[in-house]
Amino acid sequence: MSISQTAPKADRVGIAVAAMVFTDLTLSIADAIIKVTISDMPLSQFIFLRSCITLPLLISILKWRFRQVPLRPAFPGWAIVRSSLLLSSLLIYYASLPRLDFSMAAAVYYTIPLFITLFAAFWIREPVGAQGWVGVALGFVGVLLMLKPQAGDLGMYAVMPLVAAILYSLAMVLTRTKSRGENPFVLALIFNVIAIGLAGGASLVTVMAGSDGGHSLFMGEWIPMGWTQWALIGLLSMTMLIGSVGTAIAYQLGPSSIISTWDFSYLAFAVLWGVVLFSERLDAASMLGIVLIALAGIIVIRR
């Protein structure tokens with residue numbers, strides 16, 4: 001195996017933060033599209049087709065740009081665990097989107113930085129410091145302020161983004177600790193291989209069960225697709241590629257406690273799309289939440 005594949009990368013916080021914000025912008029646009037389009041399509045069909053488009057693109061990039069990097073990760077076991085956690089997180093979050101306001105789902109989901117900081121502090125003893133904890137706390141208060149209008153309606157679907165947040169946080173801490181030296185395109189490759197295997201298996205089970213198999217949040221009979229649906233799947237495949245690689249780069253090049261705070265930018269983008277695309281009301285509490293999230297990012301990056 002090559003040294004470049006396994007040697008840990010030095011921290012480059014500025015690049016890591018920029019990668020995280022751009023990734024969040026891309027993913028927020030993709031999730032807004034998913035909220036509108038995915039309600040009639042089984043998640044198994046969506047994930048399978050999206051990964052089938054993304055996988056050959058990743059292989060082409062690796063063969064063209066990183067010829068010296070093996071397609072097999074240096075530590076395949078950890079890469080598989082990381083990808084499985086990340087895939088489970090995305091499936092649960094996607095399943096909640098059609099049933100919640102976009103800003104509501106994002107607010108619950110974006111307890112992610114809190115969990116990442118907790119896991120990083122107590123699992124790998126990553127120093128956070130008093131100022132870092134203040135920044136994370138302010139960001140979490142901002143999330144709660146944005147959640148407050150719907151605080152009395154926290155049913156099963158609102159809990160699903162919370163579960164997704166815990167799984168995602170575990171995946172990102174693993175990225176920082178066990179997969180830091182891996183090429184991010186290889187990590188994305190493993191993620192898509194696992195996604196194809198699990199989603200394809202779920203679809204096969206649905207076919208074998210027939211009409212008696214019923215329909216769940218994750219499985220169901222495939223729907224016919226026209227050019228519009230294929231175009232959307234292609235677009236979302238590109239955003240998936242950006243998300244997989246961008247997130248890996250961010251957490252490889254920056255401390256989890258810093259990058260997790262800038263990861264709050266997804267929430268600001270989600271609220272923006274909620275107002276612009278879905279006519280969700282942005283009240284004074286939500287405005288204050290955005291200010292606190294931005295302040296939290298400044299505090300943590302300068303600590």
Side-chain angles (χ1 to χ4, degrees), residues 23 26-31 33-35 37-62 71-73 75-98 109 112 160-161 163-172 174-175 178-179 182-208 215-223 225 229-249 251:
T23 298
T26 303
L27 292 178
S28 69
I29 295 172
D31 290 346
I33 295 173
I34 290 170
K35 177 176 174 59
T37 61
I38 200 63
S39 57
D40 296 328
M41 180 183 294
L43 277 172
S44 57
Q45 178 183 0
F46 170 67
I47 293 295
F48 180 82
L49 294 176
R50 191 171 75 166
S51 291
C52 280
I53 294 175
T54 305
L55 186 62
L57 292 174
L58 283 167
I59 294 174
S60 298
I61 291 173
L62 283 164
L71 298 183
R72 183 180 184 272
F75 302 100
W78 287 117
I80 290 171
V81 172
R82 171 195 179 273
S83 297
S84 299
L85 288 169
L86 189 57
L87 178 61
S88 299
S89 170
L90 293 178
L91 284 172
I92 294 171
Y93 183 56
Y94 289 163
S96 72
L97 284 179
Y109 190 49
I112 284 174
M160 288 170 65
V163 175
I166 294 173
L167 296 174
Y168 184 97
S169 302
L170 288 170
M172 291 306 102
L174 281 179
T175 302
K178 303 299 184 180
S179 300
E182 305 282 7
N183 184 290
F185 286 92
V186 173
L187 291 177
L189 181 74
I190 298 301
F191 172 85
N192 283 278
V193 168
I194 292 176
I196 289 173
L198 292 179
S203 299
L204 181 61
V205 168
T206 301
V207 171
M208 295 175 64
H215 185 90
S216 68
L217 292 172
F218 308 102
M219 299 168 59
E221 185 177 352
W222 280 29
I223 65 171
M225 294 177 54
Q229 287 81 9
W230 280 111
L232 284 173
I233 292 292
L235 174 63
L236 292 171
S237 297
M238 298 300 101
T239 63
M240 182 182 187
L241 180 60
I242 293 172
S244 298
V245 176
T247 300
I249 290 173
Y251 280 93

Less than 4.5 Å apart, any side-chain heavy atom of [X] and any of [Y]?
| X | Y | value |
| --- | --- | --- |
| Phe75 | Lys178 | no |
| Leu71 | Val186 | no |
| Ile92 | Pro161 | no |
| Ser44 | Trp222 | yes |
| Ile196 | Cys52 | yes |
| Tyr93 | Ile34 | no |
| Gln229 | Leu49 | no |
| Leu170 | Val81 | no |

Expected output: side-chain [X] to main-chain [Y] donor-acceptor under 3.5 Å:
| X | Y | value |
| --- | --- | --- |
| Ser89 | Leu85 | no |
| Thr54 | Ser51 | no |
| Thr239 | Thr26 | no |

Under the side chain to side chain contact (heavy atoms under 4.5 Å, CB included) test, which residues partner [X], sequence neighbours left out?
| X | result |
| --- | --- |
| Thr23 | Met20, Leu27, Thr247 |
| Ala199 | Ile47, Phe48 |
| Leu198 | Leu87, Ile194 |

Quick one: closest heavy-atom pair of [X] and [Y], and the distance?
| X | Y | answer |
| --- | --- | --- |
| Pro73 | Ile190 | CD-CD1, 3.7 Å |
| Tyr109 | Ala164 | CE1-CB, 3.6 Å |
| Ser179 | Arg82 | OG-CD, 4.2 Å |
| Ile53 | Ser237 | CB-OG, 3.4 Å |
| Pro42 | Ile223 | CD-CG2, 4.3 Å |
| Ile249 | Pro184 | CG1-CG, 3.7 Å |

Run the numbers on Arg50 and Asn192 for side-chain contact (heavy atoms from CB on, under 4.5 Å), then give the verdict. CA-CA 9 Å; Arg50 191 171 75 166; Asn192 283 278; over 6 Å; no
Using 0.5 Å steps for rounding, measure from the CE atom of Met160 to the CG atom of Leu97. 9.0 Å
Value for CZ (Phe185) from CD1 (Ile61), rounded to nearest 0.5 Å, stands at 5.0 Å
Take Ile33 and Leu235 through the side-chain contact (heavy atoms from CB on, under 4.5 Å) test and state the conclusion after the steps. CA-CA 10 Å; Ile33 295 173; Leu235 174 63; 3.7 Å; yes
Might you work through the side-chain contact (heavy atoms from CB on, under 4.5 Å) test for Leu86 and Leu167, ending with a clear yes or no? CA-CA 7 Å; Leu86 189 57; Leu167 296 174; over 6 Å; no
Please walk me through it: do Phe191 and Leu90 pass side-chain contact (heavy atoms from CB on, under 4.5 Å)? CA-CA 11 Å; Phe191 172 85; Leu90 293 178; 3.7 Å; yes
